Amino acid sequence: MQSSTPLPAQAGDAVLMEMAPLTHAAQMYIASALILEGEAPGAAEVAGHLAPRVGRVPGLWHRYAERAGRPVWQPQRVRAADHVALLPLGADAAGAGLDGLMREVRRRPPVSPAGAPMWDVLIATGFAPRRWALVFRCHHTLMDGGAITHTLDQLFGDGPRARRRSLLGGALLPALPRLPSAAASVLRAALPTAPWPAPAAARAEGSATYAVTEPLEVEAVKRPGATLSQVFAACFALTADSWWPLPGDREVHALVPMDLRVPGEQRALGNHFAPMRLALPTGDPARVLAGTGAQMAAWPTPGFRAALDLTIRRITPFPATLALGRRISSGVCCRAVVSSIRSRNPLSFNGSPVLDLVPAAPTFPGQALSCVLWSYQGRARVAFGSHTSMPGVGALPQAWEQALKSIQSLPPEAGAGAVVG
């Protein structure tokens, strides 16, 4: 039974809504296209599939609202049919394959009615022979990447129901000694930095542009002694430097959302991440990998994730958290957002397995570049989003693949031991 009681929203949810209110929300939608084979179903069939499953995910039946000056999540009755639409690609977009599909996905205005929860499912056709896609989109205010993976499990898989942990659970004691370093990490994300890319280019208005890599084997990305996130961040530093060269020994400052959920936990409404800032070195791949690992060394430390959660959600007063979030998102601190998401469970629709998952991260106002690695069933794609005012975005997937090759060519000891776990 669905509750009728509003739930408090986090300061991060309010900041994301301020960045892109509903009047122009399409570019703030996170999207994941599930690629299937065969003949596409109609909108009624997809809506019928979704209807009994919507109640499993709180994010699908809550809308963002404000009460007494504070943001809340207001429960609302939802008709699945109001959130489903067809997306047939024209001849011009069809020739561009998946890039063309995802560009259309990012341009398409939201389907959900005014005042309804901010998500939809598009049935896309025409981008490849004998292929069609179910494209789940939602406004970043409504869900982050971790919540979306849970949502996909509930709508198109057999994943477990949402589980919450108690704030005073087993993670509290190891978190207490980590509170000072957690608070310092959050404050570091709000420090100003030298502009990268150039301010005028980063802030120029423009429609969204998009590019994505070919599928990558996750095992091929991994390296001994380094996490997938470390290798991903190092590849991004090399890619960004080749795309927008930095003079001298300048660093690429990037914002990395760190998921605050413990393994197996699902918070399926709003945003639950800490904004972690990396000052990524450039130049020699070995130096980049080692420097990235050194900055990420504390992340898997026991209690650090819980300490960040306590700092952001419980200890820092809401007005202060809101002010920090506004500053971090303003573009004066970092102009690149780099995130990594993992879909752990197989997905399908009416018995047809999902063959591929193609992601699209939001294009944040005031930000120059978004980059997301989304892995599914042992394979991953890296997607880039930017504004049409930024040149050469289409070259980023190839640059990322070249960066990965340079990392893979390093001897096993390069960068090893910097990060454990």
Side-chain angles (χ1 to χ4, degrees), residues 26-27 29-54 57 60 79-112 119-138 143 145 148-159 208-216 341 343-361 372 374-383 385 397:
Q27 291 184 31
Y29 272 50
I30 306 175
S32 54
L34 311 183
I35 310 300
L36 297 103
E37 187 175 33
E39 185 176 350
E45 183 178 350
V46 172
H49 174 91
L50 297 177
R53 296 168 171 82
V54 166
V57 183
L60 299 179
R79 287 183 67 249
D82 292 338
H83 297 258
V84 178
L86 302 178
L87 182 63
L89 268 66
D92 54 339
L98 290 175
D99 279 359
L101 165 64
M102 300 310 286
R103 280 195 291 269
E104 289 300 311
V105 165
R106 286 159 60 83
R107 293 169 183 163
R108 176 71 183 264
V111 171
S112 53
W119 64 271
D120 54 47
V121 174
L122 305 177
I123 307 166
T125 55
F127 58 90
R130 295 286 300 166
R131 292 286 192 272
W132 61 281
L134 286 167
V135 185
F136 178 79
R137 304 189 305 173
C138 74
M143 297 184 197
I148 290 175
T149 60
H150 172 71
T151 300
L152 294 177
D153 285 344
Q154 299 304 309
L155 297 182
F156 307 111
D158 297 311
T209 187
Y210 176 87
V212 66
T213 65
E214 293 297 318
L216 306 161
I341 303 169
S343 287
R344 299 177 181 273
N345 302 309
L347 306 172
S348 64
F349 180 81
N350 284 352
S352 298
V354 170
L355 306 176
D356 194 4
L357 191 155
V358 184
V372 58
W374 200 312
S375 61
Y376 170 71
Q377 296 293 283
R379 306 174 84 195
R381 285 184 183 267
V382 180

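Side chains included, hydrogens not; waters and symmetry mates left out as well; all remaining heavy atoms used. In this text the structure is predicted, and so the values were computed from the model without any measurement.
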I need the minimum non-hydrogen distance between [X] and [Y], along with the two atoms involved.
X	Y	value
Ala47	Ala80	O-CB, 3.6 Å
Leu36	Ser352	CD2-O, 3.4 Å
Arg381	Leu357	CD-O, 3.8 Å
Val46	Pro41	CG2-CG, 3.6 Å
Leu101	Ala133	CD2-CB, 4.3 Å
Met102	Ala33	SD-CB, 3.8 Å

[atom1]-[atom2] distance between [X] and [Y], expressed to the nearest 0.5 angstrom:
X	Y	atom1	atom2	answer
Leu60	His83	CG	NE2	8.5 Å
Phe127	Asp99	CZ	CG	12.5 Å
Asp158	Leu347	CG	CG	9.5 Å
Phe136	Leu152	CZ	CG	6.5 Å
Ile30	Ile341	CD1	CD1	6.0 Å
Leu34	Phe156	CG	CZ	6.0 Å

Partners of Tyr376 by ring-ring contact (aromatic ring centres under 6.0 Å, His included), sequence neighbours excluded? none
Hey, are the side chains of [X] and [Y] touching, using non-hydrogen atoms and a 4.5 Å cut-off?
X	Y	result
Tyr29	Val105	no
Gln377	Pro346	yes
Leu134	Ile123	yes
Asp356	Pro215	yes

For the CZ atom on Arg344, are there more than 12 heavy atoms of other groups (residues, nucleotides or ligands in this structure) within a distance under 6.0 Å?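 Open.
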Output all residues satisfying side chain to side chain donor-acceptor pair (under 3.5 Å) with [X], sequence neighbours left out; order by chain, then residue number.
X	result
Trp374	Ser343
Glu37	Arg131
Arg379	none

With Arg79, which residues qualify under salt bridge (charged side-chain N to carboxylate O under 4.0 Å, His left out), at least two apart?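 Counting only residues at least two positions away or on another chain, Arg79 forms a salt bridge (charged side-chain N to carboxylate O under 4.0 Å, His left out) with Asp82.
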For residues 119-128, which residue pairs pass the side-chain hydrogen bond (donor to acceptor under 3.5 Å, both in side chains) check, not counting sequence neighbours? Asp120-Arg137
Do you know which of Arg106, Arg107, Arg108 makes side-chain hydrogen bond (donor to acceptor under 3.5 Å, both in side chains) with Glu104?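 Running side-chain hydrogen bond (donor to acceptor under 3.5 Å, both in side chains) over Arg106, Arg107, Arg108 with Glu104 returns exactly one hit, Arg107.
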